[in-house]
Protein chains: 4
Amino acid sequence: MSDGTTGTATGARAPRRMRTDARRNVESLLEAAKTVFATSGVDVPAKEITDLAGVGVGTLYRHFPQRSDLIKAVIEREIDACADAAPALAAEHKPGIALARWLDRLAAFVATKRGFAAALHSGDPAFDGLSGYLMEKLGPALGSLLDTATAAGEIRAEVSPQDLLYAVAKLCAPLPDEEPDYGRRMVALLVDGLRPADSSADLPFAR
Amino acid sequence: MSDGTTGTATGARAPRRMRTDARRNVESLLEAAKTVFATSGVDVPAKEITDLAGVGVGTLYRHFPQRSDLIKAVIEREIDACADAAPALAAEHKPGIALARWLDRLAAFVATKRGFAAALHSGDPAFDGLSGYLMEKLGPALGSLLDTATAAGEIRAEVSPQDLLYAVAKLCAPLPDEEPDYGRRMVALLVDGLRPADSSADLPFAR
Amino acid sequence: MSDGTTGTATGARAPRRMRTDARRNVESLLEAAKTVFATSGVDVPAKEITDLAGVGVGTLYRHFPQRSDLIKAVIEREIDACADAAPALAAEHKPGIALARWLDRLAAFVATKRGFAAALHSGDPAFDGLSGYLMEKLGPALGSLLDTATAAGEIRAEVSPQDLLYAVAKLCAPLPDEEPDYGRRMVALLVDGLRPADSSADLPFAR
Amino acid sequence: MSDGTTGTATGARAPRRMRTDARRNVESLLEAAKTVFATSGVDVPAKEITDLAGVGVGTLYRHFPQRSDLIKAVIEREIDACADAAPALAAEHKPGIALARWLDRLAAFVATKRGFAAALHSGDPAFDGLSGYLMEKLGPALGSLLDTATAAGEIRAEVSPQDLLYAVAKLCAPLPDEEPDYGRRMVALLVDGLRPADSSADLPFAR
DNA sequence: AATGAATGAGACTTCATTCAT
DNA sequence: GATGAATGAAGTCTCATTCAT
C-alpha cells in the first residue's frame with residue numbers, strides 16, 4: 001500500500017492501470033471508512049460508508065469483495081503511514097525524544113480504531129494476515145528506534161518491539177468517557193520502567 | 001449479586017422469594033452466558049445461550065428483558081467474586097504477593113471477557129452503569145492492597161487504583177494467537193516500574 | 001349473565017356454587033377488562049388485564065379459557081345492562097324522550113368499545129355468537145321503544161330495530177380526536193329523518 | 001400519488017426516475033397489500049403481502065420502511081382515486097344522482113378497508129396525517145357535489161362534508177355476515193333526511 | 001383455586017451480498 | 001465500471017397459553 005501508483009485495492013494483483021474514476025472511488029471509500037470507523041467502529045453498516053463516500057454499495061463490493069478487505073486496507077494504509085514516520089523522527093530528534101514521539105503517533109492511530117481490536121479478536125480468518133502485517137511493518141520501525149535509544153543509554157533493552165507494540169495498541173484503545181490522556185500516560189509509565197536507574201532526568205516521559 | 005440467597009436477576013428489587021426452579025434457571029442462564037461469552041464474545045445470539053442453559057428464549061427475556069441486562073449480570077457477578085477475593089489474599093500473603101496474586105486474578109477474569117471492552121465501547125446507554133460499578137467494587141479492593149504494599153515499602157504510591165485497574169483490563173484483554181502469558185508479563189512490567197529503587201529483589205514480579 | 005347468582009364465567013354450565021374468592025376474581029377480571037378495553041382496545045396483552053385485576057394470568061385462563069371468552073363476557077354483561085335500562089326509561093318518560101335517552105345510553109356503551117367492532121370483524125369463530133346475542137337482547141328492547149314511539153305518532157315505522165342498532169354501533173364507535181358529540185349528532189340526524197312530516201316540533205332530536 | 005408517472009412510494013421526494021423493476025415491485029406490493037387488507041385486515045403479517053406480491057420482505061421494507069407507510073400508501077392511493085372520480089360524475093349526471101353515485105363509490109372503497117378504522121384508532125403517530133389527508137382530498141370533492149345539489153334545490157344544506165364523510169366511512173365499514181347493502185341503505189336514509197320537504201320524488205335515494 | 005414461570009412460535013426489522021440495469 | 005434494488009437469513013423480542021408449585 002505504500003506504493004501509491006500501481007497497487008490495487010485488493011492486493012496489488014492486477015497489472016492493468018486503474019481507471020481514474022475507479023481510483024478516485026477507492027480513495028473516497030478508504031477515506032470514508034477511516035472516518036466512519038473512528039466514529040462508530042468497524043461494525044457500521046456498509047451503507048453508511050458508501051453514503052459518505054458518495055458511491056453505490058456495488059462499488060464498495062467491487063473493490064473490496066469481503067468486508068474485511070476494506071478494514072484491512074484502511075488499517076494497512078495507516079500502518080504504512082505510521083511506519084513511514086519513524087525515519088524522519090529519528091533524523092530530527094534525540095533518540096529518547098524520537099521514540100516518545102513515535103509512540104505518541106502510534107497511540108493516536110490506535111485511538112481512532114474503535115472496534116479494531118474486536119475485529120482482530122473475532123477469529124475471522126479474514127484478519128489472519130493483519131496482525132502479521134502490523135508486526136512486519138511496525139516491528140522494524142519501532143525496533144530501530146529502540147535500538148538507537150538503547151545504544152544511547154537512554155533505555156534498558158528489556159522489551160521486545162512486539163511486546164511494546166501490542167501494549168501500546170491495547171492501552172491506547174479508547175474507552176468511552178475515558179480521560180483522553182490515559183493511554184499516553186500509561187505508555188509513559190511503562191516505558192519509564194525501562195529507563196536506566198540513574199538517567200530518569202533525561203527521559204521525555206512524564207514521571 | 002454478592003448475596004447469594006436473596007438477590008433477583010434484575011437487581012434485587014422483589015421482596016418475594018424466588019421460586020426454586022426460577023432461581024435454577026437464572027443460575028443456568030448466567031453460567032451458560034459466562035461460558036458462551038468466553039468462547040464467542042458477548043455478541044452471540046441469544047439462542048445459543050438458552051440452548052446451552054436448557055431453557056426457552058422466553059425464560060431468558062423474562063429474567064433479562066434487555067440483552068444488556070444479561071451481560072451486566074454476568075460481569076457484575078464476576079466483578080463481585082473478584083472483589084471478594086481481595087481480603088483473603090491480604091490475610092494469607094505478604095503485601096507484595098497479595099497484590100500480585102490479586103492482579104493475576106483480575107487478569108484471568110478479564111481474559112475470559114472477549115467483547116466486553118467492545119460492549120463498554122458501544123455507547124449503548126444500557127452499559128452506562130457498568131463502568132461505575134466496576135470502579136466502585138474493584139477500586140477499593142485494589143486500593144487497599146496498594147495501600148498496604150505502599151505502607152510496607154514494597155511499592156511507590158504513584159498510580160491510582162483506577163489507572164491500574166484499567167491498565168490491567170486493557171492489557172489482559174485477549175487477542176487471538178496471543179502468547180497466553182502476555183497480559184501478565186506486561187502488568188508485571190508496569191508494576192515493576194513502581195518498585196522503590198532499591199527493593200526490586202523483594203518484588204514478586206518477574207523482571 | 002343477567003342472573004347474578006348462579007352463572008359461571010364461561011357460560012352457566014357448572015351446577016356447583018362458585019367459591020367466594022373465585023367469584024371475586026371473576027368480578028375483578030371483568031371490571032379490569034372493561035377498563036382496559038376502553039383505554040387500549042380489546043387487543044391488549046393479557047398481562048395488562050391481570051395486573052389491573054390483581055390476579056395471576058393463570059386465573060384469567062381458568063375462568064376464560066379463550067381470550068375471546070373474556071371479551072364476550074365483558075360485552076354481554078354490558079349488553080345486559082343496556083337492555084335492562086329500557087323498561088325504566090319507558091316508564092319514566094314520554095315515548096320520544098325514552099327512545100332518545102336509550103339511544104344515548106347505547107351510544108355511550110359503544111363509545112367505550114375500541115376495537116370491539118374489529119373483534120367482530122375478525123372472522124374468529126369465537127365471536128360468532130356475540131352478534132346474535134346482541135340482537136337477541138337489544139333488539140326487543142329497542143323494538144319496544146320504537147313501537148311505543150310509533151304508536152304515539154312520534155316516529156314513522158321505517159327502520160327495523162336491527163338496522164338502527166347497527167347504525168348506532170357504527171356511528172358511535174369512537175375515532176381518535178373525534179368531536180365527542182359526533183356519534184350522537186349523527187344518530188339524531190338519522191332518527192330525525194324518521195319523524196312524521198308535520199311533527200318535528202315534538203321530537204327531542206336536534207334539527 | 002395522484003400522478004401516476006413520477007411519484008415514489010415514500011412521498012415523491014426523489015427527483016431521479018425510479019427503475020422500472022423497482023416501480024413494478026412497488027406496484028405489486030400496493031396491489032397485494034390492497035387485496036390482503038381487504039381480506040384479512042391491515043394487521044396481516046408482512047410475509048403474507050410479500051408472498052402475494054412475489055417479492056422478498058427486504059423489498060417491502062426498502063420501499064415502505066414502516067409498516068404504516070404501506071398502509072398509508074394504499075389508502076392514500078384509493079382516496080385519490082375516489083376524489084378524482086367526482087368531477088366526471090358531476091359532469092355526467094344530475095346533481096342528486098351524481099352525489100348518490102359518488103357516495104356509493106366512497107362506500108365501496110370503505111367496504112374493502114377492514115381494520116382501517118382500527119388503524120386510525122391506534123393512536124400510532126404514524127397515522128397522524130392520514131385523517132387530515134382524507135379530509136383534504138375528499139372534503140372538497142364531496143363539498144362541491146353537495147353545493148351543486150343544494151343549489152339545485154335537491155338537498156337542504158345541513159350537514160358539513162366532514163360529517164357526511166365520516167358517517168359514510170363508519171356506516172359502510174363492513175361487519176361479517178352483514179347484509180351487503182346495509183351501509184348503502186343507511187347512507188341513503190341519512191341523506192334522505194336532508195331532502196327538502198316537498199321534493200322527495202326527485203331524489204334518487206330509496207325511501 | 002391461584003399463581004406466575006416457562007415455553008416457543010412468529011412478528012418485525014436489519015444488512016451483507018448479489019445482480020439486473 | 002457504477003449503481004442501487006432485491007434478496008432472505010438471522011437476530012431480537014413479544015405474548016398467548018400451559019403447567020409446575
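Within every chain, numbering begins at 1; the chains are lettered A, B, ... in the order of the sequence lines, protein sequences first and strands thereafter.
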| field | Close side-chain approach of B:L30 to B:F64, heavy-atom, < 4.5 Å | value |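 Side chain of B:L30 against side chain of B:F64, heavy atoms only: contact under 4.5 Å found.
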
[X] [atom1] to [N] [atom2]: how many Å, rounded?
{"X": "B:E27", "N": "E:dA5", "atom1": "CD", "atom2": "P", "value": "16 Å"}
{"X": "D:K47", "N": "F:dA10", "atom1": "NZ", "atom2": "C1'", "value": "14 Å"}
{"X": "A:I49", "N": "E:dT17", "atom1": "CD1", "atom2": "C1'", "value": "14 Å"}
{"X": "B:Q66", "N": "F:dG11", "atom1": "CD", "atom2": "P", "value": "18 Å"}
{"X": "A:D43", "N": "F:dG11", "atom1": "CG", "atom2": "P", "value": "14 Å"}
{"X": "C:D51", "N": "E:dT3", "atom1": "CG", "atom2": "P", "value": "12 Å"}
{"X": "B:L70", "N": "F:dG11", "atom1": "CG", "atom2": "P", "value": "16 Å"}
{"X": "D:F64", "N": "F:dA6", "atom1": "CZ", "atom2": "P", "value": "11 Å"}

Nucleotide nearest [X] when distance is taken to its side chain, options [options]:
{"X": "A:R62", "options": "F:dA16, F:dG1, F:dA6", "answer": "F:dG1"}
{"X": "B:T59", "options": "F:dC13, F:dG4, E:dA6", "answer": "E:dA6"}
{"X": "A:V57", "options": "F:dA6, F:dA5, E:dA5", "answer": "F:dA5"}
{"X": "A:A22", "options": "E:dA2, F:dG1, F:dG4", "answer": "F:dG1"}
{"X": "D:Y61", "options": "F:dG11, E:dA1, E:dC12", "answer": "E:dC12"}
{"X": "B:V55", "options": "E:dT18, E:dG4, E:dT7", "answer": "E:dT7"}

| remark: Looking only at heavy atoms, the pair that brings A:T50 and A:G56 closest together is CG2-O, 3.9 Å

| For the residue pair B:E48 and B:S40, what are the closest heavy atoms and their distance? |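 Taking B:E48 first and B:S40 second, the nearest heavy atoms are OE2-OG, 3.9 Å.
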
| field | Any donor-acceptor pair under 3.5 Å from D:D69 side chain to D:Q66 backbone | value |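 Indeed, once roles are kept as given, a pair shorter than 3.5 Å links the two residues.
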
| message | I'd like to know if the side chain of A:T59 and the backbone of A:V55 have a donor-acceptor N/O pair within less than 3.5 Å. | response | no

| 5' precedence on DNA chain F between C:V44 and B:A46 (nearest-nucleotide basis) | B:A46

| request: Between A:G54 and D:G54, just flag the one whose closest nucleotide in DNA chain F comes earlier from the 5' side. | output: A:G54

| task | Would you mind telling me which residue lines up with the more 5' stretch of DNA chain E, D:R67 or C:L60, judged by nearest nucleotide? | result | C:L60

| request: Would you kindly compare B:G58 and A:G58 by the position of their nearest DNA chain E nucleotide and give the one closer to the 5′ end? | output: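 The residue mapped nearer the 5' terminus is B:G58.
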
Which base sits across from [N] as a Watson-Crick or G-U pair, both distances under 3.5 Å?
{"N": "E:dA1", "answer": "none"}
{"N": "E:dT7", "answer": "F:dA16"}
{"N": "E:dT21", "answer": "F:dA2"}

| request: Give a yes/no on whether any side-chain N or O of A:N25 is located under 4.0 angstrom from OP1 or OP2 of F:dA2. | output: yes

| field | Distance test, side-chain N/O of D:H63 to OP1/OP2 of F:dA6, below 4.0 Å | value | yes

| query | Do B:R77 and B:E27 pass the salt bridge (charged side-chain N to carboxylate O under 4.0 Å, His left out) test, and can you show the C-alpha distance, the side-chain angles, and the key distance before you say yes or no? | reply | CA-CA 11 Å; B:R77 187 173 226 246; B:E27 276 316 307; 2.6 Å; yes

